[in-house]
2 protein chains.
Amino acid sequence: MSNAKALPLLEREPAAEVAVPCCPPLTERPLTADEAERTAGMFKALGDPVRLRLFSLVASHEGGEACVCDISDVGVSQPTVSHHLKKLREAGLLTSERRGTWVYYRVEPSVVAAMGQMLKIAG
Amino acid sequence: MSNAKALPLLEREPAAEVAVPCCPPLTERPLTADEAERTAGMFKALGDPVRLRLFSLVASHEGGEACVCDISDVGVSQPTVSHHLKKLREAGLLTSERRGTWVYYRVEPSVVAAMGQMLKIAG
DNA sequence: CACCTGTATCGACAGACGTCAACATAGACA
DNA sequence: TGTCTATGTTGACGTCTGTCGATACAGGTG
């Protein structure tokens, strides 16, 4: 599926150690220490205002993806934007792909869905 | 009895500045800087493994509430537990009430629902 | 009253984190 | 090849944060 083997930005890291289907709704049962350790990273990634804006810029961008150049205007320097996008990638919330000169980011729906699942109240 | 005016723990802070109904799904439109600033605090609160466990312990506890004594076994000291519960309170995710000797925490459903709403994918 | 238990606060410390300027790298194009 | 633009990486800096022991406060019980 998808990448045969040549996606530098995608392949560099083992993707998301946080991975996809993790935990039941938080109301269902207490998380184990291990589950909490892995899952907290996803929430932490959205716990910074700049990252939250970057994420919403990607998520709401037409076509479901955005070039870095489209979303860089969030009030911090370019290296800082790059740093935050990396954090969002490492958390599994975004994926990136270089196409020619530009790098495009898109939301990883399964991870976001997993987060939403955990916040489901009184299932 | 139901204290007429002496609820130190509850009254001390203006509850959640984060408040309740904030933002549309992150896929709908980019957050403003101000929205992101206020909203990131909620995700940040769940971005720590210990806090995430404490939250799930409260959320999944029978009766919808839990005494601190019920949830203190998360591997950190009692002051640290108290510190984290305060953070969750300040973020608006939990409320607390002292009843006699014990203090009970419960989930603030509206705030959690707001977070879930933001994570809704593709409206 | 004194004493005990449950919970919050204080003060200190180490480590994590956000930020930037400087530099490095990758493509496009001449 | 060289140069230009877009993006990532490095190193440094100050601030925030998680943690603990010591202490304070609240309420129950004797």
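Fair warning: this is a prediction, and the values are worked out from it, not measured in the lab. Here is how names work: the chains are called A, B, and so on, in the same order as the sequence lines, proteins then strands, and each is numbered from 1.
- The side-chain heavy atoms of L94(A) and R106(A), taken from C-beta on, include no pair separated by under 4.5 Å.
- When all heavy atoms of V50(B) and D48(B) are compared, the pair lying nearest together is N-OD2, 2.9 Å.
- The closest side-chain heavy-atom distance from V103(B) to E97(B) is not below 4.5 Å.
- Here dA8(C) presents its C1' atom at 8 Å from OH of Y105(B), a figure rounded to the nearest Å.
- The OH atom of Y104(B) sits 7.5 Å away from atom CG of D70(B), with the distance rounded to the nearest 0.5 Å.
- Of the residues in residues 56-67 of chain A, none has a non-hydrogen atom less than 4.0 angstrom from any atom of DNA chain C.
- The separation between R99(B) atom CZ and dG6(C) atom P is 17 Å, rounded to whole Å.
- For the pair L94(B) CG and dT7(C) P, the interatomic distance rounds to 15 Å; values are reported in whole Å.
- Side-chain contact between M118(B) and L31(B) is present, with at least one heavy-atom pair separated by less than 4.5 Å.
- Of the side-chain N and O atoms in Y104(B), none sit less than 4.0 angstrom from OP1 or OP2 of dT7(C).
- Rounded to whole Å, the distance from CG on L54(B) to P on dA8(C) is 11 Å.
- A straight line from CH2 of W102(A) to C1' of dA26(C) spans 13 Å, rounded to a whole angstrom.
- Using a 4.5 Å heavy-atom cutoff, the side chains of E108(B) and L93(B) are not in contact.
- Atom P of nucleotide dA24(D) and atom NZ of K86(B) are separated by 17 Å, given to the nearest angstrom.
- The CG atom of L85(A) lies 5.0 Å from the CD1 atom of I71(A); values are rounded to the nearest 0.5 Å.
- Within 4.0 Å (heavy atoms only), T101(B) reaches sugar-phosphate atoms of the nucleic acid but no base atom.
- R99(B) has a carboxylate O that lies under 4.0 Å from a charged side-chain N of E65(B), or vice versa, which qualifies the two as a salt bridge.
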Sugar-phosphate atoms are those with a prime plus P, OP1 and OP2; base atoms are the rest. Using that split, label each nucleotide of nucleotides 13-25 of chain C B, S or - for protein heavy atoms under 4.0 Å, 5' to 3'. ----SSBBBB---

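- At whole-Å resolution of the value, CD in E97(A) and C1' in dT7(D) are 15 Å apart.
- Ion pair R29(B)/E35(B) flagged as a salt bridge, since at least one NZ, NE, NH1 or NH2 atom sits closer than 4.0 Å to an Asp/Glu carboxylate oxygen.
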